[in-house]
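Data first, discussion second: the structure below is written as structure tokens.
We count residues from 1, following the sequence as given.
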Amino acid sequence: MNIEEFRRAGYEAIDRICDYHSTLQDRPVSARVEPGYLRRALPSEAPQTGDNFDLIVQDYEKYIIPGLTHWQHPSFFAYFPTAGTFEAVLGDLYASSAPNPGFNWSASPACTELEVVVMDWAAKMLGLDSNFYNSDNVGGGVIQTTASDSALVAVVAARSRYTKQRPGVSPEKLLIYTTTQTHSLGKKAGLVLGLNVRALEVTVQDNFALRGDTLRRALEEDRDAGLHPFILIGTVGTTSSGAVDRLGELGRVLEDHPFIWLHVDAAWAGVAMMCPEYRDICLLGDINKYGDSFCTNFHKWGLVNFDCSGFWVRDRASLVDALDVTPEFLRTKHGDAGKAIGFDRGALLDNVQGTVIDYRNWHVGLGRKFRSLKLWFVLRSYGVEGFQQYIRETVKLGNMFASLIRESTEFALVAPPSLALTLFRLEPRLAPPVTLARLNELNRALYARLSARSDIAFTQTDLNGMFCIRMVVGASRTSEDHVRRAYEIICLEGKAALEE
């Protein structure tokens with residue numbers, strides 16, 4: 001494809017993308033295909049000679065679009081939202097038009113410097129303490145692929161810091177703390193690194209939040225058993241229920257254990273801190289006081305297309321110490337100067353201003369995408385007020401749905417609503433009262449009926465033995481009408497489940 005052919009194909013691609021989004025509401029939410037459909041439809045080998053690009057695009061419409069679940073559909077209420085804005089699409093387009101691996105400043109200075117700047121912008125928008133700013137030259141922020149990668153990097157840094165302070169501790173004695181409601185990222189980090197994970201119990205009485213007393217007891221038990229917990233992954237907005245671990249209590253316990261790292265995973269809920277009224281709910285003050293690292297995903301509730309996970313550390317030296325591998329061919333005078341600044345505040349150079357960072361030492365891989373460009377496009381296009389308006393609207397719609405559930409005689413809330421997330425279940429007022437086992441059976445039947453529909457999407461979960469259904473508002477095109485229709489569908493399918 002030459003430049004002019006690309007120009008024509010590019011115009012057509014934008015037109016097709018616009019047509020897709022303009023008809024999105026009329027499409028089914030979920031893909032209606034059977035496993036293996038593409039293998040049956042496509043040739044078993046790549047073509048010997050190149051296909052005409054028009055044919056390739058036609059096959060995209062014919063074979064790929066039908067197999068997509070439309071996460072930006074206004075009636076998609078499953079999982080957590082996946083952001084999709086035109087500004088981010090264009091940012092990705094521009095970034096991919098000049099591909100480079102971006103592993104250090106010299107590889108492409110704009111890639112590093114823009115990430116340094118926009119991560120400080122984002123930290124300020126969220127209200128993070130200046131210790132997390134890149135410009136502080138001690139902490140800093142970096143864009144990771146997902147919250148799972150952010151947690152993995154945090155565990156690596158925490159392990160390195162702990163074992164330097166406790167040399168001689170065998171790996172099998174090291175312990176990662178999560179909770180029974182922590183995202184699977186905690187267990188995944190343990191699997192990848194070959195480390196043991198202990199999930200601390202949370203209860204419905206505490207709204208599934210980890211408490212300080214639970215942590216203190218665990219520390220005492222594991223100390224007596226000769227084990228060495230070195231990181232606690234706390235959560236602001238758990239996946240199942242939106243629970244917020246009591247970071248203040250946890251932080252005060254950890255003050256007696258200064259070498260244990262506190263990583264705060266706020267993959268979904270963290271973006272809400274752009275609105276001042278939600279900062280107390282998200283425990284921003286405790287994050288700033290006690291957190292060693294913090295993560296939130298802009299590709300969830302933050303209007304930036306996947307992938308774009310914001311990760312900040314209070315002390316970048318711990319991160320770089322753990323991940324720095326610099327063969328001679330990767331050394332540069334700018335990178336060496338940046339290291340000097342990062343580890344010696346007195347070495348700050350006016351012409352660098354904290355923007356020379358070898359980000360390859362802030363994550364597992366060497367090369368990295370130019371993700372900061374789409375984040376920059378979105379932050380500039382929406383501004384702080386645009387983000388706040390979007391978040392407040394989705395929370396308002398979530399609260400509206402929760403109110404409908406509260407007023408119902410057939411449904412009940414399972415946990416307090418968390419921002420734009422509501423957990424509910426079918427709970428008819430019958431005499432004698434229905435047993436938990438029967439309620440779970442009813443709600444599994446209800447969820448099966450909802451899942452069989454192509455015009456709406458929810459997610460199931462289990463909270464300490466209670467089967468329930470999650471409803472999350474996040475798509476930018478969702479309106480009150482979509483939420484009311486969702487409630488009507490739930491009532492219709494709930495009635496049918498009771499009659500079965």
Side-chain angles (χ1 to χ4, degrees), residues 13-14 16-17 20-21 24 27 29-31 60 64-65 67-97 99 101-102 111 114-115 118-119 122 126 141-153 183-185 188 237 239 265-272 274 294-312 359 362-365 367-382 386-387 390-391 394 420-421 457 459 470 472-478:
I14 295 297
R16 287 180 181 270
I17 291 169
Y20 166 78
H21 282 278
L24 187 58
R27 298 174 183 266
V29 179
S30 302
Y60 169 77
I64 304 303
I65 292 289
L68 295 179
T69 293
H70 305 291
W71 287 61
Q72 289 74 47
H73 196 289
S75 292
F76 184 92
F77 302 112
Y79 302 102
F80 281 129
T82 293
T85 58
F86 297 126
E87 292 86 349
V89 171
L90 292 172
D92 261 340
L93 178 62
Y94 279 111
S96 62
S97 71
C111 298
L114 185 60
E115 186 161 345
V118 297
M119 290 305 287
L126 295 169
V142 59
I143 301 175
Q144 306 280 1
T145 54
T146 65
S148 296
D149 281 346
S150 294
L152 177 63
V153 168
H183 186 273
S184 58
L185 55 78
K188 181 69 70 70
T239 300
D265 173 41
W268 163 66
V271 177
M274 291 189 185
F294 171 81
C295 168
T296 193
N297 286 345
F298 289 98
H299 61 243
K300 279 192 169 73
W301 208 5
L303 297 170
V304 181
N305 298 19
F306 191 86
D307 50 15
C308 188
S309 179
F311 175 67
W312 288 266
Y359 271 132
W362 291 47
H363 65 130
V364 174
R368 51 205 326 276
K369 293 173 63 178
F370 192 10
R371 299 181 186 90
S372 58
L373 192 63
K374 62 185 173 185
L375 179 57
W376 187 49
F377 277 26
V378 172
L379 293 181
R380 290 189 63 184
S381 296
Y382 278 81
F387 270 88
Y390 159 68
I391 292 165
T394 54
L421 167 63
T459 317
R470 300 169 69 259
V472 188
V473 182
S476 59
R477 295 183 181 87
T478 301

(request) Report the distance from atom OG1 of T459 to atom CG of L421, rounding to the nearest 0.5 Å. (result) 9.5 Å
(message) Is there a side-chain contact between T296 and W312 in this structure, where contact means two heavy atoms from C-beta onward sitting under 4.5 Å apart?
(response) yes
(request) For E115 and V142, run side chain to side chain contact (heavy atoms under 4.5 Å, CB included): C-alpha distance rounded to whole Å, both residues' side-chain angles, the deciding distance at 0.1 Å, then the answer. (result) CA-CA 7 Å; E115 186 161 345; V142 59; 3.4 Å; yes
(request) Check whether any side-chain heavy atom of I143 sits under 4.5 Å from a side-chain heavy atom of K369, and report yes or no. (result) no
(message) Show, in sequence, the C-alpha distance, side-chain angles and deciding distance for N297 and F306, and conclude whether the side chain to side chain contact (heavy atoms under 4.5 Å, CB included) test is met.
(response) CA-CA 9 Å; N297 286 345; F306 191 86; over 6 Å; no
(request) Side-chain contact test, heavy atoms from C-beta onward, threshold under 4.5 Å: evaluate it for K374 versus F298 and give yes or no. (result) no
(message) For F80, does the six-membered ring have the charged nitrogen or CZ of R470 within the cation-pi criterion, i.e. under 6.0 angstrom from the centroid and within 45° of the normal?
(response) yes
(message) To the closest 0.5 Å, what do you measure between CZ (R27) and CD1 (I65)?
(response) 5.5 Å
(request) For residues C295 and S309, report the shortest heavy-atom separation together with the two atoms involved. (result) SG-OG, 3.4 Å
(request) Mark yes or no for whether S372, through its side chain, and L114, through its backbone, hold a donor-acceptor pair below 3.5 Å. (result) no
(message) Rounded to the nearest 0.5 Å, what separates atom CZ in R368 from atom SG in C111?
(response) 9.0 Å
(request) Report yes if the side chains of V364 and D149 come closer than 4.5 Å at any heavy-atom pair, otherwise no. (result) no
(request) Would you check if the side chain of Y390 reaches a backbone N or O of G474 as a donor-acceptor pair within less than 3.5 Å? (result) yes
(message) Please check this pair: side chain of T394 against backbone of I391, looking for a donor-acceptor N/O pair closer than 3.5 Å.
(response) yes
(message) Any non-hydrogen side-chain atom of F76 less than 4.5 Å from a side-chain atom of T82?
(response) no
(message) To the closest 0.5 Å, what do you measure between OG (S150) and CG (L185)?
(response) 9.0 Å
(message) How long is the straight-line distance from CZ of F86 back to CG of L90, given to the nearest 0.5 Å?
(response) 9.0 Å
(request) Could you pull out the closest heavy-atom pair between H299 and T146, with the gap in Å? (result) CE1-CA, 4.1 Å
(message) Please give me the minimum heavy-atom distance between L375 and V304, naming the atom from each residue.
(response) CD1-CG2, 3.8 Å
(request) Rounded to the nearest 0.5 Å, what's the gap from CZ on F377 to CG on N305? Could you check? (result) 12.5 Å
(message) Using modelled atom types and a 3.5 Å cut-off, is there a donor and acceptor pairing between side-chain atoms of Q144 and backbone atoms of W362?
(response) yes
(request) Give the minimum heavy-atom separation between W268 and A420, together with the two atoms involved. (result) CZ2-N, 3.9 Å
(request) Side-chain contact test, heavy atoms from C-beta onward, threshold under 4.5 Å: evaluate it for R380 versus E87 and give yes or no. (result) no
(request) Take V271 and K300, measure what side chain to side chain contact (heavy atoms under 4.5 Å, CB included) needs, and give me the verdict at the end. (result) CA-CA 9 Å; V271 177; K300 279 192 169 73; over 6 Å; no
(request) Could you tell me whether the side chain of M274 reaches within less than 4.5 Å of the side chain of W301, counting heavy atoms only? (result) no
(request) Taking all non-hydrogen atoms of both residues into account, name the closest pair between Y79 and V472 and its distance. (result) O-CG2, 3.2 Å
(request) For residues R371 and T145, determine if any side-chain heavy atom of one lies less than 4.5 Å from a side-chain heavy atom of the other. (result) yes
(request) Identify the heavy atoms of A457 and S30 that sit nearest to each other, and give their distance. (result) CB-OG, 4.2 Å
(message) Run the ring pair (Phe, Tyr, Trp, His ring centres under 6.0 Å) test on H363 and F311 for me, step by step, so that the C-alpha distance in whole Å, both residues' side-chain angles and the decisive distance to 0.1 Å come before the verdict.
(response) CA-CA 10 Å; H363 65 130; F311 175 67; over 10 Å; no
